[in-house]
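Everything quoted here is computed from the prediction, not taken from an experiment. Order of appearance sets the numbers: ligands from 1, and atoms from 1 within every ligand.
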Amino acid sequence: MTTTPKKTHIQMLNEVNYNSIEMAPFRVVSVGSGNWGTCVAKIMAENTRENPLLFNQEVKMWVYEEEFEGRKLTDIINEDHVNAKYLPGIKLPDNLKAVPDLLEAVKDCNIIIFNIPHQFLEGILKQLKGNIHPKARAISCLKGLRVDENDVELLSDIITKELGIHCGCLAGANLAIEVANQKFSETTIAYPLPSDYVAGDLDDTVLYTLFHRPYFHVHIVEDISGVSIAGALKNIVAIGVGFVDGLQWGENAKASIMRRGLLEMIKFGELFKPDSKVATFCQESAGVADLFTTCTGGRNFKLAYRMAQTGKSANEIEEEMLNGQSAQGLITAKEIHELVKNRRLTDEFPLFETIYQILFHGVSIGILPYMLENKWSVSKPNYSG
Ligand SMILES: NC(=O)C1=CN([C@@H]2O[C@H](COP(=O)(O)OP(=O)(O)OC[C@H]3O[C@@H](n4cnc5c(N)ncnc54)[C@H](O)[C@@H]3O)[C@@H](O)[C@H]2O)C=CC1
Ligand SMILES: O=C(CO)COP(=O)(O)O
């Protein structure tokens with residue numbers, strides 16, 4: 001039996017007849033309005049305004065409604081054009097519209113950008129099921145994975161499974177406050193074209209036009225597994241780097257944790273998503289660059305630094321320091337621990353496992369060098385305390 005070879009990305013793009021564009025002007029919604037959610041929505045609103053033939057100018061942003069300083073957050077965003085709680089001090093374009101009702105926000109939108117802390121994804125997808133544009137396409141900007149006892153799923157795959165829409169992902173070395181202040185950075189978008197791709201559909205050109213700015217450079221790839229895994233796991237590594245920096249062990253120690261972390265990220269890809277490419281981890285912004293930036297200036301790093309300096313718990317510091325924002329590495333460390341324990345793979349991930357033990361079982365940060373010497377295994381409790 002002969003099978004038709006799958007067309008490459010480039011072949012499909014070359015066949016597009018741009019005279020038969022069906023989906024433009026695209027209508028864009030951001031599901032999420034936190035620190036990064038608001039920043040990405042701002043970028044998209046800047047670009048939709050400059051490209052009125054391709055996009056409806058208004059970008060909607062679903063806001064989990066709350067009161068801030070006596071006013072509704074949506075009112076603050078729509079009247080003052082600033083997200084005073086999650087991205088203070090940054091002027092937002094007036095074509096960015098905050099919407100408190102999730103279904104109202106996504107109504108008629110054929111590009112849905114997901115950008116929320118990953119613990120809230122499941123609840124949001126339940127509400128969206130059956131209530132979105134049937135031909136919508138999606139991009140996930142979340143940095144996380146869904147892990148059950150024995151396996152791991154990409155969040156973009158969960159979105160596809162729950163909503164029946166194709167979904168790519170965006171990740172990179174992108175501290176929100178720097179991007180919001182239009183300081184230069186790069187990002188990676190993984191968007192393999194869907195099998196039901198039609199002319200005029202969301203493609204590399206549309207994605208580039210929606211996200212690229214002079215200060216925010218976009219590189220589009222196909223390796224959705226590599227981009228997703230790197231984005232999720234570097235948050236755990238950043239906690240390790242925060243620990244050793246908090247104890248002032250110096251630059252060499254931080255570099256060691258990053259090196260070991262990168263190896264474990266790649267190993268995780270090999271074992272759980274063999275289609276992930278080592279090149280993505282080593283060459284893309286979503287790989288080593290994001291690892292570096294999160295390990296030097298991210299919330300996960302800062303939280304762990306403060307834990308090491310004060311001896312307080314992760315939850316205490318998150319509450320004190322982050323004002324409603326979330327350090328995803330805490331959740332991801334726990335999720336990965338459960339998975340690798342159930343799969344009897346703990347020994348393959350000594351750094352991730354040690355960070356988990358420090359975070360949740362009071363193990364001393366001093367254990368880390370033993371782990372680096374491979375003298376420690378999780379079954380030896382005598383190094384704790
Ligand atoms: N902040 C950053 O610099 C970057 C973050 N990311 C990733 O982007 C994703 C989104 O992060 P941020 O926008 O920074 O979020 P954030 O950390 O600012 O989280 C706060 C958001 O969660 C919402 N929220 C609180 N309770 C909720 C609930 N019960 N249901 C739904 N939403 C609720 C809040 O309204 C707020 O919008 C995460 O996966 C993060 O790892 C990626 C790149 C940079
Ligand atoms: O992903 C990030 C930068 O690319 C942000 O990391 P934090 O969530 O640790 O702040």
Side-chain angles (χ1 to χ4, degrees), residues 30-43 61-68 72-74 76-77 83-88 90 98 100 102 105 113-128 139-146 154-156 169-181 183 185-189 211 216 227-228 230-242 284-306 314 317-318 321-333:
S30 167
V31 174
S33 53
N35 191 233
W36 185 228
T38 306
C39 179
V40 173
K42 169 182 178 283
I43 290 173
M61 178 168 77
W62 172 66
V63 174
Y64 180 75
E65 188 69 289
E66 60 185 294
E67 293 266 322
F68 183 72
K72 286 185 175 158
L73 191 54
T74 46
I76 298 176
I77 296 170
N83 185 340
K85 174 149 188 197
Y86 293 106
L87 197 60
I90 301 295
L102 178 62
I113 308 304
F114 287 89
N115 210 342
I116 42 168
H118 74 282
Q119 63 270 30
F120 304 129
L121 183 63
E122 203 170 316
I124 283 169
L125 293 180
K126 266 195 197 127
Q127 295 176 63
L128 290 180
I139 297 289
S140 160
C141 299
L142 280 67
K143 288 179 176 168
L145 296 165
R146 184 196 273 174
L154 307 184
L155 299 180
S156 51
C169 73
L170 178 153
N174 301 141
L175 295 172
I177 190 62
E178 295 182 13
V179 181
N181 277 302
K183 295 181 177 175
S185 74
E186 299 176 300
T187 203
T188 313
I189 299 178
F211 289 106
F216 189 66
V227 170
S228 305
L233 298 187
K234 58 82 193 175
N235 284 338
I236 309 180
V237 185
I239 292 174
V241 174
E284 291 298 330
S285 180
V288 69
D290 193 13
L291 176 70
F292 187 78
T293 208
T294 307
C295 289
T296 50
R299 296 168 297 188
N300 287 285
F301 163 80
K302 287 179 184 162
L303 176 141
Y305 181 95
R306 199 98 143 232
I317 307 260
E318 197 177 28
M321 202 174 80
L322 292 185
N323 191 29
Q325 294 182 39
S326 192
Q328 298 306 108
L330 298 175
I331 304 171
T332 304

Looking only at protein heavy atoms, identify the closest one to [atom] and say how far it is in Å.
atom	value
atom 44 (C) of ligand 1	Asn174 O, 3.0 Å
atom 9 (C) of ligand 1	Asn115 OD1, 3.5 Å
atom 1 (N) of ligand 1	Asn35 OD1, 2.9 Å
atom 38 (C) of ligand 1	Ile116 O, 3.9 Å
atom 12 (P) of ligand 1	Trp36 N, 3.5 Å
atom 40 (C) of ligand 1	Arg299 NH2, 4.0 Å
atom 26 (N) of ligand 1	Phe120 CZ, 3.3 Å
atom 22 (O) of ligand 1	Pro117 CD, 3.5 Å

ask   = At a non-hydrogen distance cut-off of under 4.0 Å, which region of Gln328 contacts ligand 2 (side chain, backbone, both, or neither)?
value = neither
ask   = Side chain, backbone, both or neither: which part of Asn300 comes within less than 4.0 Å of ligand 2 when only heavy atoms are counted?
value = both
ask   = Taking atom types as modelled and ignoring hydrogens, do the side chains of Gln325 and Glu318 form a donor-acceptor contact shorter than 3.5 angstrom?
value = no
inquiry  = Is it true that Glu178 and Ser185 share a donor-acceptor pair across their side chains at a distance under 3.5 Å?
reply    = no
Which ligand 2 atoms are under 4.0 Å away from a heavy-atom of [X]?
X	result
Asn174	3 (C), 4 (O)
Asp290	1 (O), 3 (C), 4 (O)
Lys143	1 (O), 2 (C), 3 (C), 4 (O)

Element-labelled atoms of ligand 1 that are located less than 4.0 Å from some non-hydrogen atom of [X]:
X	answer
Ser326	17 (O)
Leu175	3 (O)
Cys141	7 (C), 8 (O)
Glu66	35 (O)

task = Inspect the surroundings of CD in Glu66 and state if more than 12 heavy atoms from other residues, nucleotides or ligands are less than 6.0 Å away.
result = yes
inquiry  = Is it the case that over 12 heavy atoms from other parts of the model lie below 6.0 angstrom from the CZ atom of Phe68?
reply    = yes
Between [X] and ligand 1, is there a nitrogen or oxygen pair with a distance under 3.5 Å?
X	value
Ala176	yes
Gln328	no
Gly34	yes
Gly37	yes

Below 4.0 Å from ligand 1: does a non-hydrogen atom of [X] turn up there or not?
X	value
Gly144	no
Ser33	yes
Lys85	no

Ligand 1 versus [X]: contacting region, heavy-atom distance under 4.0 Å:
X	result
Val63	neither
Lys143	both
Ala171	neither

inquiry  = Quick check: do Leu128 and Phe114 have side-chain heavy atoms less than 4.5 Å from each other?
reply    = yes
inquiry  = Measuring only between side-chain heavy atoms, which start at C-beta, is Tyr86 closer than 4.5 Å to Leu73?
reply    = yes
task = Measure the distances from the heavy atoms of Ala327 to every atom of ligand 2 and state whether one is below 4.0 angstrom.
result = no
inquiry  = Heavy-atom contact check, 4.0 Å cutoff: does Gln325 meet ligand 2?
reply    = no
Among Ile239, Val237, Val241, Asn235, the one residue meeting side chain to side chain contact (heavy atoms under 4.5 Å, CB included) with Phe301 = Val241
request  = Identify the heavy atoms of Leu145 and His118 that sit nearest to each other, and give their distance.
outcome  = O-CD2, 3.6 Å
inquiry  = If we ignore hydrogens and angles and just use 3.5 Å, is the side chain of Glu186 paired with the main-chain N or O of Ala173 as donor and acceptor?
reply    = no
query = Hey, is the main chain of Gly329 close enough, under 3.5 Å, to the side chain of Lys234 for a donor-acceptor pair?
reply = no
